[in-house]
Undergrad: 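The structure under discussion is supplied below as structure tokens; questions concerning it will follow.
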Amino acid sequence: MGLRIAVLCSGRGTNLQAVLDAIAQKTLNAEIVGVFSDKPAAQALKRVPETLRWSQPVRAFETREAYEHALTEAVAAVRPDLVLCAGYMRILSSHFITAQRGRIINVHPSLLPKFPGLDTHQRALDAGETEHGATVHQVIPELDAGPVLGHSRLKIRPNENATELAARVLDCEHVLLIRVLEQLCSGTLKLNENGAISDGHQEFRPLQIECGG
Ligand SMILES: Nc1nc2c(c(=O)[nH]1)N[C@@H](CN(C=O)c1ccc(C(=O)N[C@@H](CCC(=O)O)C(=O)O)cc1)CN2
Ligand SMILES: NCC(=O)N[C@@H]1O[C@H](COP(=O)([O-])[O-])[C@@H](O)[C@H]1O
């Protein structure tokens with residue numbers, strides 16, 4: 001049945017949908033084994049059958065640590081080969097990352113290491129960037145600082161605002177994510193527990209995609 005992918009989401013789930021579509025089109029030899037969210041109302045959850053959904057609001061737990069432990073147990077129970085953060089808006093604890101060490105990747109809406117964190121598009125515009133895009137990277141405890149697996153780049157258009165830019169970057173994310181997942185499903189890209197990554201070459205080179213003018 002291919003690569004077992006657990007997906008963590010907090011919102012719309014368009015990256016999740018891109019993966020579901022690629023699986024349906026047999027572009028990816030993979031299966032979604034669970035969708036996990038900190039937001040029970042997340043639209044992303046509605047994209048998969050109820051049997052694959054797990055969602056608990058953090059406020060349902062006495063502490064954030066208790067939430068993180070519940071999430072860790074729920075994800076471990078589906079035995080994923082890969083954990084994909086696709087619009088998951090929580091900083092994962094070291095407990096969770098240790099439990100899934102080396103198997104967690106994230107889609108980030110900027111060209112890391114530029115603009116880690118939130119509000120990336122406005123920050124790129126405010127900084128006068130002419131180029132922007134998306135990154136898929138391995139997740140480590142330090143926020144948005146893990147090894148880069150791929151970049152997808154676009155040129156910022158004159159007078160473009162953050163909303164318009166975000167929409168174009170989102171399309172870039174979808175393309176980049178599927179390309180990286182293709183590499184992982186085919187085995188040309190392997191994730192290593194030590195954070196090291198190889199793609200069969202002497203020195204790993206992150207995927208670089210141009211995704212729009
Ligand atoms: N330990 C890590 N956790 C996560 C990483 C990571 O690299 N290391 N990537 C993120 C995704 N992410 C950006 O791509 C991101 C998610 C959340 C935040 C953040 O500041 N969240 C706030 C609360 C947000 C809210 O109000 O719900 C927080 O957790 O306090 C920044 C960047 C996934 N997690
Ligand atoms: N720092 C995390 C972060 O900002 N993630 C971003 O949230 C959006 C989720 O969209 P989606 O729910 O439609 O996939 C995407 O743009 C993703 O890069």
Side-chain angles (χ1 to χ4, degrees), residues 3 5-25 27-28 30 32 35-39 42-48 82-92 103-125 127 129-140 143-157 160-186 189 191 197 199 205-213:
L3 202 69
I5 304 175
V7 185
L8 275 57
C9 303
S10 297
R12 296 161 297 185
T14 66
N15 276 284
L16 165 62
Q17 191 61 54
V19 178
L20 290 166
D21 292 347
I23 292 171
Q25 292 152 12
T27 305
L28 291 181
I32 302 297
V35 176
F36 303 80
S37 183
D38 59 322
K39 308 281 187 196
Q43 187 182 340
L45 292 165
K46 300 181 175 67
R47 298 180 189 267
V48 295
L82 183 74
V83 178
L84 167 60
C85 294
Y88 184 67
M89 301 308 285
R90 291 277 167 196
I91 297 173
L92 289 164
R103 284 193 291 270
I104 314 172
I105 66 172
N106 179 52
V107 188
H108 181 76
S110 79
L111 295 174
L112 292 172
K114 288 188 176 182
F115 312 117
L118 301 174
D119 199 22
T120 60
H121 309 301
Q122 192 57 58
R123 289 161 59 199
L125 292 171
E129 298 289 337
T130 57
E131 187 180 59
H132 191 43
T135 303
V136 172
H137 64 96
Q138 278 190 284
V139 170
I140 63 174
L143 188 60
D144 299 333
V148 171
L149 303 180
H151 279 136
S152 184
R153 301 170 186 275
L154 56 67
K155 296 298 182 195
I156 295 179
R157 293 170 178 166
E160 188 167 30
N161 64 34
T163 302
E164 294 161 337
L165 183 55
R168 292 205 299 134
V169 170
L170 190 60
D171 290 341
C172 293
E173 292 174 33
H174 299 160
V175 173
L176 176 63
L177 176 57
I178 299 310
R179 289 281 304 277
V180 171
L181 290 178
E182 282 175 337
Q183 289 184 326
L184 289 168
C185 288
S186 67
L189 173 62
L191 303 184
I197 42 191
D199 66 346
R205 296 187 300 276
L207 186 62
Q208 299 294 333
I209 297 174
E210 296 299 323
C211 77

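All values reported here derive from a predicted model rather than from experimental measurement. Quick note: residue numbers are just sequence positions, from 1.
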Undergrad: Rounded to the nearest 0.5 Å, what's the gap from CG on Asp171 to CG on Leu154? Could you check?
TA: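 With rounding to 0.5 Å, CG (Asp171) is 9.5 Å from CG (Leu154).
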
Undergrad: Say you draw a straight line from SG of Cys172 to CG of Leu177; how long is it, rounded to the nearest 0.5 Å?
TA: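 It comes to 12.5 Å.
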
Undergrad: Ser10 versus Tyr88: any side-chain heavy-atom pair under 4.5 Å?
TA: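 Yes, their side chains come closer than 4.5 Å.
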
Undergrad: Of all heavy-atom pairs between Ser110 and Phe115, which one has the smallest distance, and what is that distance?
TA: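 Taking Ser110 first and Phe115 second, the nearest heavy atoms are OG-O, 3.2 Å.
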
Undergrad: Please name the pair of heavy atoms, one in Val35 and one in Cys9, separated by the smallest distance, quoted to 0.1 Å.
TA: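 Closest heavy-atom pair between Val35 and Cys9: CG1-SG, 4.3 Å.
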
Undergrad: Any idea which heavy atoms bring Pro206 and Val148 closest together, and the distance?
TA: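 For Pro206 and Val148, the tightest heavy-atom pair comes out as CG-O, 3.5 Å.
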
Undergrad: With a 4.5 Å limit on heavy-atom distance, are the side chains of Ile23 and Val19 in contact?
TA: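 Ile23 reaches Val19 side chain to side chain.
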
Undergrad: Are any non-hydrogen side-chain atoms of Leu28 and Ile178 less than 4.5 angstrom apart?
TA: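 Yes, their side chains come closer than 4.5 Å.
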
Undergrad: To the nearest 0.5 Å, how far apart are CZ in Arg179 and SG in Cys211?
TA: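 Nearest 0.5 Å value for the CZ-SG distance: 11.5 Å.
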
Undergrad: Enumerate, atom names and distances included, each donor-acceptor pair closer than 3.5 Å involving a side-chain atom of residues 116-123, sequence neighbours excluded.
TA:
unit_1 : atom_1 : unit_2 : atom_2 : d
Thr120 : OG1    : Pro109 : O      : 2.6
His121 : ND1    : His132 : NE2    : 3.0
Gln122 : NE2    : Asp126 : OD1    : 2.7
Arg123 : NH1    : Pro116 : O      : 2.7
Arg123 : NH1    : Leu118 : O      : 2.6
Arg123 : NH2    : Pro116 : O      : 2.9

Undergrad: The test is side-chain contact (heavy atoms from CB on, under 4.5 Å); show your working for Val139 and Ile105 and say whether it passes.
TA: CA-CA 5 Å; Val139 170; Ile105 66 172; 5.7 Å; no

Undergrad: Taking all non-hydrogen atoms of both residues, which atom of Ala86 and which atom of Asn15 are closest, and how far apart?
TA: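 It is CB-CB, 3.8 Å.
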
Undergrad: Closest heavy-atom contact between Ala30 and Ile5?
TA: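 Shortest heavy-atom contact: CB-CD1, 3.7 Å.
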
Undergrad: Decide, yes or no, whether a salt bridge links Glu164 with Arg157 under the criterion of side-chain N to carboxylate O below 4.0 Å.
TA: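 Here Glu164 does not pair with Arg157 in a salt bridge, since their nearest N and O are not under 4.0 Å apart.
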
Undergrad: Side-chain contact test, heavy atoms from C-beta onward, threshold under 4.5 Å: evaluate it for Leu149 versus Leu191 and give yes or no.
TA: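 Yes; the side chains approach each other to less than 4.5 Å.
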
Undergrad: Taking atom OG1 of Thr135 and atom NE2 of His151, what is their separation to the nearest 0.5 Å?
TA: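 The distance works out to 3.5 Å.
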
Undergrad: Would you say the side-chain atoms of Arg168 pair up with the backbone N or O of Gly133, donor to acceptor, closer than 3.5 Å?
TA: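 Such a contact is absent between Arg168 side chain and Gly133 backbone.
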
Undergrad: Quick one, Asn106 with Asp144, criterion side-chain contact (heavy atoms from CB on, under 4.5 Å). Give me CA distance, side-chain angles, the key distance, then yes/no.
TA: CA-CA 8 Å; Asn106 179 52; Asp144 299 333; 3.6 Å; yes

Undergrad: Looking at CD1 of Ile140 and CD1 of Ile104, how far apart are the two atoms once the value is rounded to the nearest 0.5 Å?
TA: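 These two atoms lie 11.0 Å from each other.
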
Undergrad: Is Ser37 close to Leu45 at the side-chain level, that is, under 4.5 Å between some pair of heavy atoms?
TA: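 Leu45 vs Ser37: side chains touch.
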
Undergrad: Side chains of Val107 and Leu84: does their closest heavy-atom pair fall under 4.5 Å?
TA: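 The answer is yes; the side chains approach within 4.5 Å.
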
Undergrad: Which atoms form the tightest heavy-atom contact between Leu189 and Leu184, and what is the distance?
TA: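 That closest heavy-atom pairing would be O-CD2, 3.4 Å.
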
Undergrad: For the residue pair Asp21 / Gln25, report whether a side-chain donor-acceptor contact shorter than 3.5 Å exists.
TA: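 Result is no, nothing qualifies.
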
Undergrad: Any donor-acceptor pair under 3.5 Å linking the side chain of Arg47 with the backbone of Gly13?
TA: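 Confirmed, Arg47 side chain pairs with Gly13 backbone.
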
Undergrad: Is there a side-chain contact between Leu143 and Ile91 in this structure, where contact means two heavy atoms from C-beta onward sitting under 4.5 Å apart?
TA: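 When only atoms from C-beta onward are counted, Ile91 and Leu143 do touch, with a gap below 4.5 Å.
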
Undergrad: Are any non-hydrogen side-chain atoms of Glu160 and Lys155 less than 4.5 angstrom apart?
TA: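 Not touching, per the 4.5 Å side-chain cut-off.
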
Undergrad: Evaluate the salt bridge (Lys or Arg N to Asp or Glu O under 4.0 Å) criterion for residues Lys114 and Glu129: first the C-alpha distance (whole Å), next the side-chain angles of each, then the deciding distance (0.1 Å), finally the verdict.
TA: CA-CA 10 Å; Lys114 288 188 176 182; Glu129 298 289 337; 2.9 Å; yes

Undergrad: Return the NE2 to SG distance between His137 and Cys85, rounded to the nearest 0.5 Å.
TA: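 Nearest 0.5 Å value for the NE2-SG distance: 8.0 Å.
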
